[in-house]
Amino acid sequence: MSMKRPVFFLMTGLWAAVAGSVVAVTQAPAPRIHAADDGLAMTPPMGWYPWNEFGQEPQNETLIKEIADALVSSGLKDAGYAYVGPDEGICFTRGADGLLTTNLARYPSGLRGLGDYIHAKGLKYALYTDAGTLTCSKAMPGAKDHEAEDMRRFAEWRADYIKIDWCNTEGQDIVKSYTKLRDAQRAASRAVVHSLCSWGEGEPWKWAAAVGHMWRTTGDICAPGKADWTRAMKILAANEKLYQAAGPGHWNDPDMMIAGMDGLSESRNRAFFSLWCMMAAPLMAGNDLRRMSKSTIDILTNLEVIAIDQDPLGVQGRILRKEGRVSLWGNKPLFDGSQAVLVFNEGPAPESFSFTLAELGIDPEADVYVRDLWRHATRRQEKKDKGAISVTVPPDDVLALRISKSAEFPIPPILVADSYVVSFRMEGPAPQSLSGRITVGNKGTSELPLWEIGKGLPSWLSVRVTRNGRTQTFTNTISTAGLKKGHYHTVVRADNIEPVSGRPMSALYYDVDLEVTADVGSGPGSSEDD
Ligand code: GLA
């Protein structure tokens with residue numbers, strides 16, 4: 001359907017979407033964005049982290065592997081959740097040589113082995129450390145004065161995401177400390193999502209976009225194992241106010257999710273999840289994925305709501321109006337020219353609430369379609385209603401809507417890989433050529449252009465990308481001619497432009513390993529290791 005898309009004039013005056021193209025109209029200088037170089041976290045990172053449910057115990061290799069398995073079997077991976085790994089899980093110590101070493105009693109495969117397990121499942125590896133001398137419980141060493149060697153070690157363990165806490169940092173300058181860690185990550189030459197965790201201390205929303213990809217805005221959302229709705233509501237209120245700081249590659253982080261933890265009702269789970277998506281928050285599940293009800297799975301994997309969070313424009317929604325315990329959330333233009341709207345009833349009884357298209361910046365005379373993202377139903381807005389929409393919202397619940405001039409409600413790209421590592425072993429001195437594949441699916445509705453492979457592949461590797469509908473296959477061809485016996489490794493980066501919004505997609509990275517068991521005879525190509 002070709003229709004003129006809505007014209008938004010939002011209350012902030014920060015964004016205007018005219019005939020489908022959203023342009024920044026702010027006069028403020030563009031902030032420096034760390035992600036401009038590495039292309040990571042262009043939409044909020046999604047995954048799972050242990051702290052909300054487990055605290056320190058029983059974090060160990062078995063738990064993390066079981067959770068990784070559950071991410072796949074429950075369908076969460078297919079909904080875009082990817083980052084997983086230990087939080088403050090007593091996973092390393094510092095040896096006499098000053099270098100980090102895995103706590104093998106808890107992680108017998110080593111932290112590199114755990115990373116390999118996670119990558120082979122098409123998931124991404126998250127690790128944790130602290131910017132101070134020790135982590136919060138003092139059970140693990142912090143990175144202070146060891147920034148370079150620790151970030152190198154994390155790269156050797158093949159971390160894709162590093163959460164860096166702010167405990168035991170007396171006397172440290174927060175901007176300098178996190179900047180030093182960023183520089184150490186760059187020097188270690190592995191692109192990682194840098195997740196700052198100072199709980200709002202040092203107002204990271206003012207400076208951390210240049211240093212990392214996301215920053216905690218508040219204190220912990222709960223004590224381990226105890227979902228706390230009151231605390232979640234306080235965090236919601238604090239994080240909402242920071243909406244101007246978020247955008248592709250730089251996100252406010254109101255902490256891991258409590259949806260699905262014991263003690264929360266279905267409506268609270270639904271409301272919580274919708275609110276986190278409306279705030280373009282990182283979606284790190286915090287519940288025990290091994291024992292989820294169907295209702296929890298349905299909530300955490302609702303792609304229509306995830307679409308709001310993973311929208312390529314990356315605008316954080318905010319409260320437009322509050323009446324008593326009911327809030328109207330908007331300021332969330334989406335990549336297709338539609339916009340997301342939420343009505344949240346925080347009170348103990350059902351509430352009736354009315355709003356107008358005009359207050360959302362939509363022409364009340366326009367023909368619009370209203371999609372209910374939880375009921376999965378679309379209706380046409382009646383002309384006789386003159387742009388007014390009246391709803392009743394049950395207690396602790398939300399109405400999550402998407403309003404468009406089109407009856408189509410496309411889902412933005414949600415990438416799902418079958419693996420993030422491909423390994424080869426070559427025997428004998430004769431030159432050989434072998435290939436191995438990685439397949440990247442897209443649960444969104446649009447087909448992407450072919451992924452473009454970054455420059456600088458080693459001479460022993462070539463990569464060809466082919467497309468079959470929304471699935472793309474990366475065929476990695478290895479040629480061993482002229483290579484010396486040894487282990488070779490490289491990281492492949494691929495980039496893409498999301499076709500509807502025209503925004504760069506989050507860059508895609510995967511590891512390629514090659515073991516050559518004997519010196520190989522001459523032929524084209526030369527020996528090279530990174
Ligand atoms: C802090 C962080 C939590 C968790 C714990 C670990 O409190 O905010 O998310 O990482 O440390 O001790």
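First listed ligand is number 1; within each ligand, the first listed atom is number 1. Please read these numbers as outputs of a predicted model, since none were measured by experiment.
Residue Asp255 has no nitrogen or oxygen atom sitting less than 3.5 Å from a nitrogen or oxygen atom of ligand 1, judged on distance alone. For ligand 1, the polar-atom distance check finds no N/O of Ser137 at less than 3.5 Å from any of the ligand's N/O atoms. Residue contacts with ligand 1: Asp220 is placed with a nitrogen or oxygen under 3.5 Å of a nitrogen or oxygen of the ligand (distance criterion only).
Salt-bridge annotation for Lys144 and Asp130: absent, with no side-chain N of the basic residue lying under 4.0 Å from a carboxylate O of the acidic one.
Residue contacts with ligand 1: Tyr49 is excluded, as none of its non-hydrogen atoms falls under 4.0 Å.
Checking Thr217, Asn252, Leu236 one by one against Met279, the side-chain contact (heavy atoms from CB on, under 4.5 Å) holds for a single residue, Leu236.
For the side chain to side chain donor-acceptor pair (under 3.5 Å) condition, the pairs that include at least one residue of residues 34-48, sequence neighbours left out, are His34-Arg186, Asp37-Arg186, Asp38-His213, Thr43-Gln310.
Proximity of Thr135 to ligand 1, defined as any heavy-atom pair under 4.0 Å, is not found for any part of the residue. At a heavy-atom cutoff of 4.0 Å, ligand 1 is contacted by no atom of Gln56, backbone or side chain.
Using modelled atom types, one finds no donor on one side chain facing an acceptor on the other under 3.5 Å when comparing Tyr49 with Asp255.
Ligand-side atoms of ligand 1 in range of Met256: 9 (O), range being under 4.0 angstrom from any heavy atom. Atoms of ligand 1 found under 4.0 Å from any heavy atom of Tyr128, numbered from 1 in the order shown, are 6 (C), 10 (O). Numbered from 1 in the order shown, with element, the atoms of ligand 1 that lie under 4.0 Å from a heavy atom of Asp87 read 4 (C), 6 (C), 10 (O).
The minimum heavy-atom distance linking Ser274 with Val398 is given by the pair OG-CG2, 3.3 Å.
Ring centers of Tyr125 and Trp157: at least 6.0 Å apart, outside the cut-off.
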